[in-house]
Amino acid sequence: MDQIAHKFLHINGLKLHVAEIGSESSPAVIFLHGFPEIWYTWRHQMIAVANAGFRAIAPDFRGYGLSDPPAEPEKASFDDFVNDIASIIDSLAISKVFVIAKDFGTMVAYPFVLRYPQKIAGIISLNMAFMPPAAFKSHPLPEGFYVTRWREPGRAEADFSRFDVKTVVRNIYILFSQSEIPIANENEEIMDMVKPLTSLPSWLTEEDLAIYGDLYEKSGFRTALQIPYRSYMSLGYTEEVPKVEAPMMLILGEEDYALKVPGMHEYVKSGEVKKYIPNIETRYVPRGCHFVHEQFPNEVNQLILTFLHANKHLSKV
């Protein structure tokens, strides 16, 4: 971990934090986190990728971790995040990049790779398949579904404010590590779904949690609740069926609750996803949860490195 360097880049009027390891002359890999994560979620992958001869770059999205928040977090958009990633890559003088994204990070990666196909050597997505808004038809979930609750302005804020920041992050990690979709009862808030003495997942230490807690203590949750939960994803494409032509790997934990969202697994398993990403291969990690890259880093790292080495020639301009 001490080998990972940290810098701040002035991007689109904000000071954004970027963690980095590996030679600047090596093929570049940019990691895009989800929620409740920050750059630190990629710690295992960054070191493995750098040791294998690649340059690993993991930014904190604006309003997350050590990155500056936007002036008006409630007006932040996915387009802002996409533009930030493009500007980070340009600022680092990178002409081609592998993109590795998890959870809502894929919702930033998808429009990015569509808009800048000439910059993309390959893509790896964890826990969420790429899809344009019209591609996936989910059945309605109960009102107590955490996404539905967090979309409601003020609901999550009131729920979270009853606890210190570290406890909020702890509870979300515990909830999202389970195999069932987090759905609260009618008279229950999302934070109440975790009993106070519930243990952390075995693969997440108290030291790890302290790092997450400290960084969310700094950033708060204003931007995190806006992106991804309260902002519409604009892909900015004109084609009826936008296609990603670059090679892609989708890595899924077999016990990820997200696969139980009605229609999600069928979308992947049926091959419907290939309408949008023809060159996709899907890999499942047995017993893997929503945080499969932290839970089983060795297995995930091996999948990532196999993909990177197989497509390394595409990183050359």
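Being a predicted model, the structure only gives us computed values, none of them experimental.
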How about [X] and [Y]: do any of their side-chain heavy atoms sit closer than 4.5 Å?
X	Y	value
Ile30	Phe112	no
Glu206	Arg170	yes
Pro182	Ile190	no
Leu308	Phe98	yes
Met191	Arg162	yes
Pro69	Leu14	no

**OP:** Please confirm whether the backbone N or O of Asp60 pairs with a side-chain atom of Ser67, one donor and one acceptor, at under 3.5 Å?
**Re:**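 Checking the backbone N and O of Asp60 against the side chain of Ser67, a donor-acceptor pair under 3.5 Å is found.
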
- request: Measure from the side-chain N and O atoms of Tyr257 to the backbone N and O of Leu175, and report whether any donor-acceptor pair falls under 3.5 Å.
  value: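 No, because the side chain of Tyr257 does not come within donor-acceptor range (under 3.5 Å) of the backbone of Leu175.
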
- Message: If only side-chain N and O atoms count, and only distance matters, is there a donor-acceptor pair under 3.5 Å linking Thr167 with Asp164?
- Response: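 Looking only at side-chain atoms, Thr167 and Asp164 do form a donor-acceptor pair, the distance falling under 3.5 Å.
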
Are a donor atom and an acceptor atom from the side chains of Glu152 and Thr148 found within less than 3.5 Å of each other?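 No, Thr148 and Glu152 have no side-chain donor paired with an acceptor closer than 3.5 Å.
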
Phe104 and ring pair (Phe, Tyr, Trp, His ring centres under 6.0 Å): which single residue from Phe35, Phe61, Trp150 fits?
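When Phe35, Phe61, Trp150 are each tested with Phe104, the ring pair (Phe, Tyr, Trp, His ring centres under 6.0 Å) holds only for Phe61.
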
Q | Test log, rule salt bridge (charged side-chain N to carboxylate O under 4.0 Å, His left out), inputs Glu189 and Arg155 | A | CA-CA 9 Å; Glu189 296 300 327; Arg155 185 72 177 261; 2.9 Å; yes

Is the number of heavy atoms from other residues, nucleotides or ligands within 6.0 Å of NZ (Lys218) greater than 12?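 Check passes, neighbour count above 12.
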
Lys243 to Tyr276, cation-pi by 6.0 Å centre distance and 45° axis angle: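 Negative - Lys243 is either too far from the ring of Tyr276 or too far off its axis.
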
Can you name the nearest heavy-atom pair linking Ala246 to Ile120, along with the distance?
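Here Ala246 and Ile120 meet closest at CB-CG2, 3.9 Å.
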
- Task: Return the minimal non-hydrogen interatomic distance between Thr223 and Pro70, and the atom names on each side.
- Result: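 Looking at all heavy atoms of both residues, the shortest contact is OG1-CD, 3.6 Å.
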
Check: side-chain contact (heavy atoms from CB on, under 4.5 Å) between Thr106 and Leu32: does it pass, once the steps are laid out?
Finding: CA-CA 8 Å; Thr106 65; Leu32 307 181; over 6 Å; no

Report task. For the pair His17 and His6, name the ring-plane relationship: parallel under 30°, tilted 30 to 60°, perpendicular over 60°. Result ->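 Correct class here is parallel.
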
Carboxylate-amine/guanidinium contact [X] [Y], below 4.0 Å:
X	Y	value
Arg287	Glu254	no
Asp79	Arg115	yes
Asp84	Arg62	yes

Original post:
Among Glu157, Glu186, Glu188, Glu143, which residue meets the salt bridge (Lys or Arg N to Asp or Glu O under 4.0 Å) test with Arg149?
Top reply: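 Exactly one candidate clears the test, Glu143.
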
Excluding sequence neighbours, so at least two apart, what forms ring-ring contact (aromatic ring centres under 6.0 Å, His included) with [X]?
X	value
His44	none
Phe31	Trp42
Tyr173	Tyr212, Phe291
Phe307	none

Check the pair Leu225 / Phe160 against side-chain contact (heavy atoms from CB on, under 4.5 Å), numbers first and verdict last.
-> CA-CA 11 Å; Leu225 288 170; Phe160 292 2; 4.3 Å; yes

Determine, step by step, whether Glu299 and Ile251 satisfy the side-chain contact (heavy atoms from CB on, under 4.5 Å) criterion, reporting the C-alpha distance in whole Å, the side-chain angles of both residues, the deciding distance to 0.1 Å, and the verdict. CA-CA 10 Å; Glu299 291 88 336; Ile251 301 174; over 6 Å; no

Show me the donor-acceptor pairs within less than 3.5 Å that the side chains of residues 124-131 make with the rest of the protein, sequence neighbours left out.
unit_1 : atom_1 : unit_2 : atom_2 : d
Ser125 : OG     : Met128 : O      : 2.4
Asn127 : ND2    : Asp256 : OD2    : 2.8
Asn127 : ND2    : Cys289 : O      : 3.4
Asn127 : ND2    : His290 : O      : 3.0

Practice prompt. Please test Met249 against Ile280 for side-chain contact (heavy atoms from CB on, under 4.5 Å), starting from the C-alpha separation and ending with a verdict.
Written response: CA-CA 6 Å; Met249 175 181 283; Ile280 187 173; over 6 Å; no

TODO: Would you mind listing every salt bridge (Lys or Arg N to Asp or Glu O under 4.0 Å) that reaches into residues 34-47, with sequence neighbours excluded?
DONE: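 Sorted pair list: Glu37-Lys102, Arg43-Asp208, Arg43-Glu294.
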
**Asked** Roughly how far apart are Ile174 CD1 and Ser199 OG, rounded to 0.5 Å?
**Response**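 These two atoms lie 7.5 Å from each other.
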
